[in-house]
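Working notes for the structure below.
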Amino acid sequence: MKTKTLYVCQECGAQSSGWLGKCPSCQSWNSFVEERMNPIETPRGEMFSKQNPVLLSEILIQDENRFETGNQEFDRVLGGGVVPGSVTLLGGDPGIGKSTLALQAACLLSAKGQKVFYVSGEESVKQSKMRADRLEEQDKAKLYMVNQIDLDLIIDQIKELKPDVVVIDSIQVVYKRDFSSSPGSVSQVRECASFLTQLAKTQSIALILIGHVTKEGALAGPRVLEHLVDTVLYFEGERYSSYRVLRTTKNRFGSTNELGVFEMTSNGLKEVRNPSEIFLSERALGSSGSVVVPILEGTRPFLVEIQGLVSRANFGGARQKTQGFDVNRLALLAAVLEKRNGLSLQDKDIFLNVVGGVRVMDPAADLAVALAIASALLDKKISPDLVVLGEVGLSSEVRSVSQFALRINEAHKLGFKKCILPKNNLKNQKQFKSCGLEFIPVETVKEALSCL
Ligand code: TYD
Ligand code: MG
């Protein structure tokens, strides 16, 4: 049998016949590793029965047979529960709580009568039991556990047990024996995941794959997995803060960018039902540079505090640093403030922080960021009962935001009194006059700055 040697980028899965120092597709350095591919006859044919083409109109869908876990935050990011025959990738940094969440979900599902099979490759069954003992969910759970990393044995066990839900913790440690590249390498991970995916689809199993993340923040290797699976959930947030944010970055069965907020406690991850209150709980009222914005992630609005700090730069160049916000977007907003609004920022360090460990991707936060910087630079306080909404364009115009009503209601619920908002949003929204919030419509960043 002829063996082929290939070099595979461990970040993105790009292949090359020779070693390369820099990956041409994802630009990472020194990521190519030699992998041997046996041209094995993969016995996929045996595993999957032949399917005949059917007319689209004749396909029966049994909708709404999702398995709800009962954990609202987890169900929300999944779009309402796990779908039989779907594959979910749960990613995040080591120690952030992937195994804990998966085990909690597994316990909840099994307590509801689903047959759940938890394959733990990283921890022994005893270790998993010790973890489960800390969780409240395990009371009524009837969960099958195994410590196994050999894919063929796992598949045999799945076929024998016929579970409804399978958790693989983690996909990086699973390996296929007759596939000669080393465990954890991109080819192994991809190969094992695609075997398991096919099995899940044909046997209507809800499969949850846990995946680690590399230092650079990509799902290790598994950027190659993202297209294979139906749903990608990704843990954000600081490992050292107790709040964890779970974000849906892809979902074939629900909306994306949905967020679930959890708190890590001594009894596992607890749902946080009212994240706005928590994100705002430690706000220093009446300090400059702090602005609250109602952002919308997925279908859910919540309020976050954006903090700006501006200080004189050291000789040799100004820095711009952000936490929870795109640094390029900050550079753009700083340029708009400088060029179009005459603020002097070129010799200043600018720091921006989104409180609570959320990553804000919503463009509606632009104006809040601009105001936070301006407020910090001019040392002008922003009224603590004000929220700010609006996307900022390059000519300093304030553009309208989506789902305006949802955001305003959330702000109102938390007791805010005033709102700076894009004028265009008010065009056909007269009914909100009655909601108790005072509106300050603006068309340009300059008008918003004059409210400071
Ligand atoms: P873990 O779920 O093992 O993380 P991952 O699988 O993503 O690597 O656990 C994360 C951390 O959470 C670990 O440091 C211990 C802590 N932890 C708690 O604080 N409370 C708990 O109830 C559990 C189970 C873990
Ligand atoms: Mg783990």
Side-chain angles (χ1 to χ4, degrees), residues 69-71 73-74 77-78 82 88-111 116-141 143-149 154 165-175 183-184 188-189 192-193 196 207-222 225-226 229 231-249 259-272 278 356-357 359:
T69 61
N71 182 320
E73 298 296 305
F74 188 58
V77 292
L78 288 168
V82 283
T88 304
L89 181 64
L90 177 60
D93 292 327
I96 197 141
K98 300 181 294 299
S99 305
T100 308
L101 183 65
L103 192 61
Q104 280 176 286
C107 288
L108 286 169
L109 286 169
S110 71
V116 185
F117 184 34
Y118 194 104
V119 183
S120 170
E122 300 187 338
E123 295 167 358
S124 68
V125 188
K126 282 211 185 91
Q127 278 173 310
S128 296
K129 170 72 180 154
M130 274 155 59
R131 181 202 301 272
D133 280 342
R134 297 169 69 172
L135 309 172
E136 285 162 14
E137 285 84 355
Q138 76 130 4
D139 284 353
K140 282 180 248 114
L143 188 64
Y144 294 88
M145 309 259 345
V146 71
N147 174 244
Q148 183 60 262
I149 57 172
I154 293 173
V165 182
V166 174
V167 181
I168 306 284
D169 185 2
S170 67
I171 186 67
Q172 271 107 352
V173 296
V174 177
Y175 77 98
Q188 276 283 6
V189 169
C192 293
L196 288 165
L207 177 66
I208 299 176
L209 302 174
I210 294 181
H212 290 296
V213 164
T214 55
K215 294 186 289 302
E216 289 75 25
L219 284 170
L225 290 189
E226 286 181 0
V229 302
T231 306
V232 180
L233 306 179
Y234 186 80
F235 262 115
E236 297 177 351
E238 298 299 306
R239 195 176 155 187
Y240 301 103
S241 100
S242 58
Y243 295 107
R244 306 289 153 87
V245 178
L246 190 64
R247 184 190 290 273
T248 318
T249 56
L259 284 194
V261 184
F262 298 90
E263 183 179 9
M264 181 60 98
T265 66
S266 54
N267 301 315
L269 288 159
K270 290 275 164 307
E271 310 163 56
V272 174
I278 281 167
R359 267 192 71 78

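This is a predicted model, so every value here is computed, not measured. We're numbering straight along the sequence, starting at 1. As the structure lists them, so they are numbered: ligands from 1, and atoms in each ligand from 1.
Between T231 and L89 the shortest side-chain heavy-atom distance does not fall below 4.5 Å. Proximity of V165 to F117: side-chain heavy atoms (C-beta onward) are nowhere separated by under 4.5 Å. Proximity of V166 to I208: side-chain heavy atoms (C-beta onward) are nowhere separated by under 4.5 Å. Side-chain contact between L101 and F235 is present, with heavy atoms from C-beta onward closer than 4.5 Å.
In this structure S170 satisfies the side-chain hydrogen bond (donor to acceptor under 3.5 Å, both in side chains) test together with E122, sequence neighbours excluded. Residues passing the salt bridge (charged side-chain N to carboxylate O under 4.0 Å, His left out) test with R359, sequence neighbours excluded: none.
For ligand 1, none of its N or O atoms has an N or O atom of E123 under 3.5 Å away. Backbone and side-chain nitrogen or oxygen atoms of L135 are examined, and none is located within less than 3.5 angstrom of a nitrogen or oxygen of ligand 1.
For the Mg ion (ligand 2), the count of nearby protein N/O/S atoms, taking only those under 2.8 Å, is 1.
Proximity of a side-chain donor or acceptor of Q148 to a complementary backbone N or O of G121 within less than 3.5 Å is not detected.
Looking at R131 and E123, a side-chain N of the basic residue comes within less than 4.0 Å of a carboxylate O on the acidic one, giving a salt bridge.
For T265, the closest heavy-atom approach to ligand 1 falls below 4.0 Å. No heavy atom of G92 sits closer than 4.0 Å to any atom of ligand 1.
For the residue pair S120 and D169, no side-chain donor N or O sits within less than 3.5 Å of a side-chain acceptor on the partner.
Residue R131 holds the heavy atom nearest to atom 1 (P) of ligand 1 of all those in M130, R131, Q104. Atom 22 (O) of ligand 1 has its nearest heavy-atom neighbour, among S120, S170, S128, G268, in G268.
Judged as a side chain to side chain donor-acceptor pair (under 3.5 Å), not a single pair has a partner in residues 260-269 (not counting sequence neighbours).
Close approach of ligand 1 to N267 (heavy-atom distance below 4.0 Å) involves ligand atoms 22 (O).
With a 4.0 Å cut-off on non-hydrogen atoms, P94 touches ligand 1 through its backbone and not its side chain. If you look at M264 next to ligand 1, the close heavy atoms, those under 4.0 Å, all belong to the side chain.
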